[in-house]
Amino acid sequence: MHAVKMLICIFFVLVLAACGGEPSVAAVPAYLEAFAAMDYEAMWDYCQPDSAISKEAFVQKYEAIFSGLGVTDINISGLTEPDEDGIFYYTATYHTKEYGSFSNDFVLKTIPGRIERRVHWNESLIFPEMEAGSSVRVRTLQASRGEIFDADGGLLAANTYADTLYMDVAKVENIMDVAQAVQPLTALNAAEVIKKYENALAKETQIVVLGTFPPNSLDEEQKQSILSVAGLGIDNRMYTPIRDYVLGESAAHIIGYLGYGDEKTLPEGYTVSDKLGLSGLEASYETQLKGKNGKIVCIEDRWGKNIRTLYEQPMEQGQDLRLTIKPQLQRDAYDLLASLLGEGQSGVAIVMDASTGFVEAMASYPSFDNNLFTFPVSKETWDYLMAAESNQPLFSRATQGLYPPGSVLKPFTAAAALQAGVLSVQTEFTGEIIDNKWTPDESDWNYPPITRVDDSGSPLKMDNAMVNSDNIYFAFAALKLGQERFFDYLESIGMKSAASFDLPLKQANLVNPTSMVTRKLLADMGYGQGELLVTPLQLTAMYTAFANGKGDMMQPVLVQKICRIEGEDYKTLSERTAAEWVSGAVEKSSLRILAPMLEDVVHTGTGKPVRIRGVGIAGKTGTAEIGDDKSREISWFAGYWTKGYYDRLVVVMVDVATKEGGVKFDIAKALLSP
């Protein structure tokens, strides 16, 4: 600023000496000094505008433009002596906080006055390109949210537009006709429509949105009642962008939905008017999907045409998610749950490629239509979703539900015992069983006996115990292992942690923090009860060790690729390939012993209802009674193809009334059918 003042003062002396008897041009240095100080009122005193602009409007124009740009400093340089017509030339550089610096070469004309020449002011002295009616605009370049695709390339979460009922104020002939046509379709009464119309006229706003509707929800009669009134229209391409969830309730827990965040917990860079992912992949991948808005600062003429770009920050389009989900399989999994489970029941069905860990379907029932959240949810709808009788439709049981694994854990108990060398395939249980009950011959056993459902035959060995799901044998195995060895193995296969996954996954539970591990608790854990809890998704990943024939538990994967449009190219930014979660979870030697047993479970054992002619299937059933009165059961089936087109693994879990768990077989059989 000091340098500017010195430049102007020196120039001021030279001008006075050069002008002799001509009118003084002292107004120019004074004008520029005021401009450098951003003293707009002082500038006005030296101006003679060439249009009808008031001092107030003059000051407001400068304040609006320079505060909008965040100008912090103005440097003036290169000021010339006036030519014979009283024209000056100079350069002004505007320094801003956010947009850098703008340098401009100006031509300043003066007009003779009685005493001194005055600055002949017009908009070109703000920016050289400006003229009357032009303006400086800061516009956001809105990035499109990335979309979500299934494994076949079909859209699961698509960017589209709602049907928008709007009023074109310039075309309205009779506002009462407009109000009467709008009222049956919206919550607006006549007085509210008229008020919107009058406000738009006062603000010179042409388009007013009066209502939004899901795509294709208006019938032809409703459309005609709107379009027949002058000034009303329906748009589905511009005014109301929305997210369309193609599979709706079938995949709602996977995809999630968008909504408005709480002001207190908003992520940095968001406002209460910004939509963001609130659940599912929409939330987990919010940063990638959202993209980054750009910004352009430009001078526009009176018709809105950009005549100079001052600053541009390119936008980054949101990144697309390419999932491993197979859409028809996802629909089938959900439809099976919805059609076969009754009121108050719930369940999960998961299909995974056991060779890769890729999740091909993951359905949780009951569910909800995530398209409901495209528009404000009514209190009535929200109360229904939250009501006890609705059975928690928003809750993702596949990834957040923790359930006792029951007998589906027995193959892992067997693997632990084989690998520790405490049992072999020939080890025979020789304890005394009376009425399918066994009390371990231990001096400190002060607990109820271990019970089983049916006699598994004699001699009782690992094979017939597995085929008939004998609790006694696997309690015996756990006790032989002992706490340290058994717990070490269970921890090694994830029973005290959560697998890494694209959605939040609840951590499995080995033993409650406050519990004392008794011999009875250890025995119960051998057949998958006690305090063991696991999510259906994690149990599915565990079973890849058997289903892929390698003994390795695969990392579960839902998002295979992340892609984005860059210019004319569609680029893959990252891609997931098959990766091991737990290498060697089941040793090859143990796998060779256990694999035939799991085939026999389906051929002749508890999994017989899943048999499919011509299809090799192996698997394991499991049931855990829950509740103080044992009125409910968590019933499982984990099964896989032993030969076929690819490694299909299916896990079904149902939470039903006791003795009603057989529905799991119908669901699993349908999903295992080629």
Side-chain angles (χ1 to χ4, degrees), residues 60-72 94-102 126-127 129-130 133-148 157-162 164 166 199-200 203-209 212 235-244 257-263 265-278 282-283 285-321 374-376 563-568 573:
Q60 286 178 350
K61 181 179 286 288
Y62 271 96
E63 287 180 343
I65 291 174
F66 283 76
S67 65
L69 292 175
V71 175
T72 58
Y94 308 154
H95 302 285
T96 72
K97 292 179 180 178
E98 186 176 353
Y99 310 123
S101 300
F102 312 130
I126 302 175
F127 282 100
E129 297 82 4
M130 289 186 70
S134 60
S135 57
V136 178
R137 300 288 186 190
V138 179
R139 297 193 182 279
T140 297
L141 303 175
Q142 193 73 38
S144 295
R145 190 173 182 85
E147 296 181 305
I148 303 177
N159 295 325
T160 186
Y161 291 88
T164 302
Y166 68 90
N199 287 343
K203 296 178 181 178
E204 299 183 353
T205 301
Q206 184 174 349
I207 302 296
V208 179
V209 172
T212 56
D235 168 81
N236 61 4
R237 294 185 176 182
M238 186 186 311
Y239 295 135
T240 311
I242 61 170
R243 200 74 155 164
D244 180 33
Y257 58 88
L258 301 179
Y260 298 102
D262 183 274
E263 186 174 9
T265 58
L266 279 174
E268 185 178 352
Y270 286 78
T271 69
V272 291
S273 61
D274 293 327
K275 277 193 168 183
L276 71 161
L278 296 183
E282 293 278 32
Y285 282 82
E286 170 64 23
T287 301
Q288 294 86 345
L289 288 164
K290 185 181 190 303
K292 294 181 180 178
N293 291 339
K295 189 173 287 187
I296 186 169
V297 182
C298 62
I299 300 171
E300 295 181 352
D301 64 18
R302 69 185 69 191
W303 297 283
K305 180 182 178 182
N306 181 355
I307 54 177
R308 178 185 172 188
T309 296
L310 300 171
Y311 170 87
E312 184 171 7
Q313 175 187 327
M315 68 175 176
E316 290 185 13
Q317 296 285 16
Q319 299 169 17
D320 295 337
L321 307 183
T374 298
F375 301 95
C563 305
R564 181 172 63 203
I565 295 173
E566 294 184 0
E568 296 182 357
L573 304 180

J.: Distance-only, no hydrogens or angles: does the Asn293 side chain make a donor-acceptor pair with backbone N or O of Ala143 under 3.5 Å?
T.: yes
J.: Checking Gln317 side chain against Ser144 main chain: does a donor-acceptor pair fall under 3.5 Å?
T.: yes
J.: Indicate the atoms forming the closest heavy-atom contact of Ala283 with Leu278, along with that distance.
T.: CB-C, 3.7 Å
J.: Is Lys275 salt-bridged to Glu286, going by a charged N under 4.0 Å from an acidic O?
T.: no
J.: Taking atom CG of Leu321 and atom OH of Tyr285, what is their separation to the nearest 0.5 Å?
T.: 7.0 Å
J.: Do Thr72 and His95 have a side chain donor and acceptor closer than 3.5 Å?
T.: no
J.: Would you name the heavy atoms of Cys298 and Asn306 that are closest together and state the gap between them?
T.: CB-OD1, 3.4 Å
J.: Please confirm whether Phe66 and Tyr94 have ring centers closer than 6.0 angstrom.
T.: yes
J.: Is there a salt bridge (charged side-chain N to carboxylate O under 4.0 Å, His left out) between Glu300 and Arg139 once you walk through the steps?
T.: CA-CA 11 Å; Glu300 295 181 352; Arg139 297 193 182 279; 2.8 Å; yes
J.: For Ile565, does the CD1 atom have more than 12 heavy-atom neighbours from other residues, nucleotides or ligands under 6.0 Å away?
T.: no
J.: Is a donor on one side and an acceptor on the other found under 3.5 Å between the side chain of Asp320 and the backbone of Ile148?
T.: no
J.: Are Thr212 and Thr164 close enough that a side-chain donor and a side-chain acceptor fall under 3.5 Å?
T.: no
J.: Strictly by modelled atom types, are Asn159 and Arg145 linked by a side-chain donor-acceptor pair under 3.5 Å?
T.: no
J.: Does the structure place the NZ or CZ of Lys295 under 6.0 Å from the centre of the six-membered ring of Tyr99, at an angle of no more than 45° from the ring's axis?
T.: no
J.: Please give me the minimum heavy-atom distance between Ile65 and Phe127, naming the atom from each residue.
T.: CG2-CE1, 4.4 Å
J.: For the backbone of Arg243 and the side chain of Thr374, can you confirm whether one donor and one acceptor N or O come within less than 3.5 Å of each other?
T.: yes
